[in-house]
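Encoded as structure tokens, the structure appears first; notes follow it.
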Protein chains: 4
Amino acid sequence: MAQSFDRPITFPDIPGYQTLKVDLHMHTVFSDGSVWPDIRVREAVRDGLDAIAMTDHIEYQPHEADIPHPDRNRSYEIAVELAARLDSNLMVIRGSEITRSMPPGHSNAVFLDDVNPMIQDEPLDVFREAARQNAFTFWNHPMWLGQRKDGVAVLTDMHRDLIAQGLLQGIEVVNMHDYSAEALQIALDNDLTIIGTSDIHSLIQWEFEHDHNGHRPITLVFTTDRSQEGLHRALMAGRTVVWFRNMLVGRDEYLVPLIESSLTLESAAYAGERSVLEIVVHNASDVNYILRSESGYTFHQNSDVVMVKPNGNTTLHLKTLEQLEEVVIPFTVLNAVNAPDRHPVFVLDVAVN
Amino acid sequence: MAQSFDRPITFPDIPGYQTLKVDLHMHTVFSDGSVWPDIRVREAVRDGLDAIAMTDHIEYQPHEADIPHPDRNRSYEIAVELAARLDSNLMVIRGSEITRSMPPGHSNAVFLDDVNPMIQDEPLDVFREAARQNAFTFWNHPMWLGQRKDGVAVLTDMHRDLIAQGLLQGIEVVNMHDYSAEALQIALDNDLTIIGTSDIHSLIQWEFEHDHNGHRPITLVFTTDRSQEGLHRALMAGRTVVWFRNMLVGRDEYLVPLIESSLTLESAAYAGERSVLEIVVHNASDVNYILRSESGYTFHQNSDVVMVKPNGNTTLHLKTLEQLEEVVIPFTVLNAVNAPDRHPVFVLDVAVN
Amino acid sequence: MAQSFDRPITFPDIPGYQTLKVDLHMHTVFSDGSVWPDIRVREAVRDGLDAIAMTDHIEYQPHEADIPHPDRNRSYEIAVELAARLDSNLMVIRGSEITRSMPPGHSNAVFLDDVNPMIQDEPLDVFREAARQNAFTFWNHPMWLGQRKDGVAVLTDMHRDLIAQGLLQGIEVVNMHDYSAEALQIALDNDLTIIGTSDIHSLIQWEFEHDHNGHRPITLVFTTDRSQEGLHRALMAGRTVVWFRNMLVGRDEYLVPLIESSLTLESAAYAGERSVLEIVVHNASDVNYILRSESGYTFHQNSDVVMVKPNGNTTLHLKTLEQLEEVVIPFTVLNAVNAPDRHPVFVLDVAVN
Amino acid sequence: MAQSFDRPITFPDIPGYQTLKVDLHMHTVFSDGSVWPDIRVREAVRDGLDAIAMTDHIEYQPHEADIPHPDRNRSYEIAVELAARLDSNLMVIRGSEITRSMPPGHSNAVFLDDVNPMIQDEPLDVFREAARQNAFTFWNHPMWLGQRKDGVAVLTDMHRDLIAQGLLQGIEVVNMHDYSAEALQIALDNDLTIIGTSDIHSLIQWEFEHDHNGHRPITLVFTTDRSQEGLHRALMAGRTVVWFRNMLVGRDEYLVPLIESSLTLESAAYAGERSVLEIVVHNASDVNYILRSESGYTFHQNSDVVMVKPNGNTTLHLKTLEQLEEVVIPFTVLNAVNAPDRHPVFVLDVAVN
């Protein structure tokens, strides 16, 4: 059989939180996107997302000749109406992209009540209006080559002020095809929420090559309930991990539980009198994990670098030299980062059957 | 490797004519479609088409609140500009869908100079305006369940008048997912050009399941040159075959040459003293031909019903009882129709090597 | 994900009988095959077969230098031991291939008690020994080019005698890659059981291109119980249909029930006031059915030729002109044959929901 | 289209040497394998190998009842005859597996002139006979659980003696599904040639899951010419790298040139005034490289861990802060090992276009 286009993204919940799959940055014909808002809803349902934010540019309106002075809430209104009609569980969030030269560059404000008051002359007034509406606001693609010829995210005084005044709570560490180690450092240094988005203008399938197992970048948000309020609180509290290509980006506080919930012990047993422990690890996520064992033991079928395939079981054969009742194996997770060039440690605690 | 989304449609030229792959019916946000016109251009380039017509509804404008009173040429203008910029060979044709209750139902006029004068109160005035602009005009989906609860295409007096006055030259025998044997009969009885179109509103890949080897319905148009003038002349002259799912629909005059150009003899030889002729047939088209041999000879590996796979070679082993220098094999082409329930005959003239 | 090699063949039971998937012709290193018998067992389990017969050549022993004068039961003994050990449901049948020049050519005797007494000088004595052991004996590949340069199966006087004496009960209409319409006619004229086999010498996956959705030819045998005795009775009684490429070959008595059990009505309903009946047909078999409707009604999405995909649902839209309570649709099944160039009729009796 | 089973293994030559793809360990019905030797030849041709060694057990003959006291050269003779007849480039090497309890366990001797004199009572006499015939002899699966319950390769005094006397020149670091870090250390400590083999008994496609992109383990041997003599010299000189799953195992002396020949600079350029260098790396091998950059620069689309896909181009975007004329990027190759848990460094020297 041929492959399906639809690839619902899969991640497990973590202790104490639901894991919601969220894309907070996208465009429609109401700014410079190529689709009516219904396509964004249908793409999200196919991708198995829990929430999307409609974030057309406020100030950039290249379709103005055809769609003059639109009510800036239109893409949200059309999308939310369809999502309800489809009887999907998709939540649609009202948002907008504040589109300015650097600094401050572009930012998204989401969970707005009304986008139209965001039309303001002064950048700072837009951020203040967002705050007035209790929005969650994050800095978009600080590494964007259109505004930074070196691709390096740099925090300006204006950004420091925005943060200091509580007008900026997050930062895109991943945007469309780009990842920024410098943006990640800025997030860590300034206690900003780590965000990854598709920033889709054309079609998700074309841009992210679903036909080659691609997927859009998303933000995994860890919430106490499945609601816009829950999402808002979680984003304000920085409870996120970004899923980009085959990489996870986040703070250890959420990254490590996510990995622990993804990779669980299915079974562990010795065969007869052998001292090679057969450890079956279940992976409940889309991540093709690349692990480096730091245990000192060697494996019977692998070097210290081990792949754990997505959505299934992988068996590791650990040479424990004698039959043990428990083994603790620390792994460096090479395709996850908790800081520039720094990888989290995942400890597999193996109780032998 | 995973499969690609892109499936350029492939058909050979026929003697005396180029074979152009054409879709004459599609929608954008400028009527009730879900995409900006650029997506239609990119979809067509991915599908390997030679020409598309932008045919937004004139009278039906559900996006009017957001796109008020649009210049009816806009979808064409935006598409043609992008096609030029992409440096593709895609021709974009200016058209429109005349959208009326039955009769006359919906019709497309293509090769217009200006769509705006098509806004008229009286249906007949629209057809006259199309004729004044020298358009090619065809009846859309006469079997559409929205206007015919029985799905049966029926020629009304108004259609007879339109045809008599030279205001209607073609008819959709295939529209989106539907084929109408009755529409085919109307085409044959009234000397109308046989048309098949996608009538796409959402996305080609979703609607026609590219991930399951699907493709949009198209009209193959046989032209003397690769130009809009050539296309216009060919459509007026009825030089078409429709490609729908795995079926060809057309008049024998063009259908048979298309099959003959698709299926050619690669080689034919006897091994040693055997009298089983190995006939290698090359198929230069996307059609998975279903043939029933009427030769009286039997095959060594097949019954009388034979599949000839697309874009490659298929070997048939014919038991000729003695070694011959030439064999003529008539085949009924079961997945082609030249009239309701009637299938063309393709004769494979096999000269033995 | 990549495709698996394993393609268990799927067919439904028919009224009154279980449908067993059987391959009665194969070779190992104990004659001119390339594998130890264990591979034949594993291949059969992967293909989902119910029974295989080990049928090494008696008289042809090209490996004699290495495997001198083997006990002719060895391939059976090794295979049956492994099948038991694997805890599979596979039945292994003791058989042998009588390997003579034409006439009588090659024949298989299966359900033997001991193969060694089949070593005889005179061909007729071998058939008599088979009969003495109550074997089921069938003529192999009567169309084989190695013995018939024209590929045409011809019944000789010797075959008539064998049949008359009750020494030959079946005939291969399909062998490996070949089908013989003439062999089918011989079966019909002489009341012989219709057989199709792989005659595998190398590997099933290579020979029958599992990587291109291929499968080995098998005989579907309709039994009253799942046992060697049941199989033997069914073969003696001629209760078979052959599955070869995408073709079924058999007598209407078993062919039509098999098609009827494969293709069942899932649902049939009209939408609102429309008179287009939506008929959902479930296909519980591996056959990609090619049907030609003979009902007189036309379809809304197809010509009179309709494909019904394997192992799933296909929806047909029949234009009944008015809403009916029942419709009877006769179909010619183009990819099934009940005689040379003759196709069975399958009647779909549609009760509207 | 469905996937093909055939996956010719691809690796580039390295400076001064041809890279030959070699499997030096396999079985047939002439010991405990399940196939006639022809299958081993056909499997090797499908896998694109340059050479295979037929290495049936000398002392272990479970098929003795059927194949009594075979000439131990038979599997070689049958294979080499077919390889010649197929007009393939495959070289077939005469070998055998010395099959003893531990110590010394199992060993393969390849490039023998005659296997039969290897039938000896005393283990040491077998090694001496191999040496007399100028064979290349290597220790098989020193980590085999059948002889080591802990899976740990341990050098015994007998092995030290064999090495000291020049009777043992290599060691399997990879056998079938197993890799041994301890065996690699033994190879490094004792100057033994590093070997990886399939040790296939059943079918390559089943054992190594070609349907899931699997491949058999092989030894890449670096020769000065494409001949058995060249291979023999190269193996004696230790010029090998093992290819196992997605891992390379070898000494830096050959491993690093192999990586350097696999990964070459296709182009490197800055766009306009940007200081993000677009580096296109071509991978001419089957390895899906997992690299960790040690350059200090960050990437625009990756963390420090980068995948370079097999047989194609991968683009890296390096943020060099200013436009440079040359950049040197050291990478740790995480899926290659040159010692237990130690990974080679590959330096990409990027001259900007």
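Only a predicted model underlies this, so the values are computations on that prediction, with no experimental measurement involved. Below, chain A is the first sequence line, B the second, and so on; all start at residue 1.
Ranked by heavy-atom pairs shorter than 4.5 Å toward chain A, the options D:Val152, D:Leu145, D:Val337 are led by D:Leu145. Contacts with chain D were tallied for A:Glu322, A:Glu182, A:Gln323, A:Met307; A:Glu182 has the most, counting heavy-atom pairs under 4.5 Å. Of all the listed residues (D:Ala271, D:Pro340, D:Ser275, D:Gly272), the one sharing the greatest number of non-hydrogen pairs under 4.5 Å with chain A is D:Ser275.
When the shell of 6.0 Å around CD of D:Glu253 is examined, it contains 12 or fewer heavy atoms from other residues, nucleotides or ligands. Around CD of A:Glu326, the count of heavy atoms belonging to other residues, nucleotides or ligands within 6.0 Å exceeds 12. With a 6.0 Å radius and a threshold of 12 heavy atoms from other residues, nucleotides or ligands, A:Glu325 has its CD atom at or below the threshold.
Shown are A:Leu334, A:Asp304, A:Ile290; of these, the side-chain contact (heavy atoms from CB on, under 4.5 Å) with D:Leu334 is made only by A:Leu334.
Between atom CG of residue D:Asp341 and atom OG1 of residue A:Thr298 there is a gap of 8.0 Å, rounded to the nearest 0.5 Å. To the nearest 0.5 Å, the span separating CG on A:Leu321 from NZ on D:Lys149 amounts to 15.0 Å. From A:His177, atom NE2 reaches atom OG1 of D:Thr315 across 12.0 Å, with rounding to the nearest 0.5 Å. With rounding to the nearest 0.5 Å, the separation of OG in D:Ser303 from CE in A:Met247 is 5.0 Å. In this structure, the separation between CZ on A:Phe244 and CG on D:Asn302 is 7.0 Å, given to the nearest 0.5 Å.
At a 4.5 Å heavy-atom cutoff, the contact between A:Arg292 and chain D is made by side-chain atoms alone. Within the 4.5 angstrom heavy-atom criterion, no atom of D:Arg148 approaches chain A. Of the atoms belonging to D:Val276, heavy atoms from both backbone and side chain fall under 4.5 Å from chain A. For D:Asn335, no part lies under 4.5 angstrom from a heavy atom of chain A. For D:His317, no part sits under 4.5 Å from any heavy atom of chain A, backbone or side chain.
In this structure the side chain of A:Ser180 reaches within 4.5 angstrom of the side chain of D:Lys319, judged on heavy atoms.
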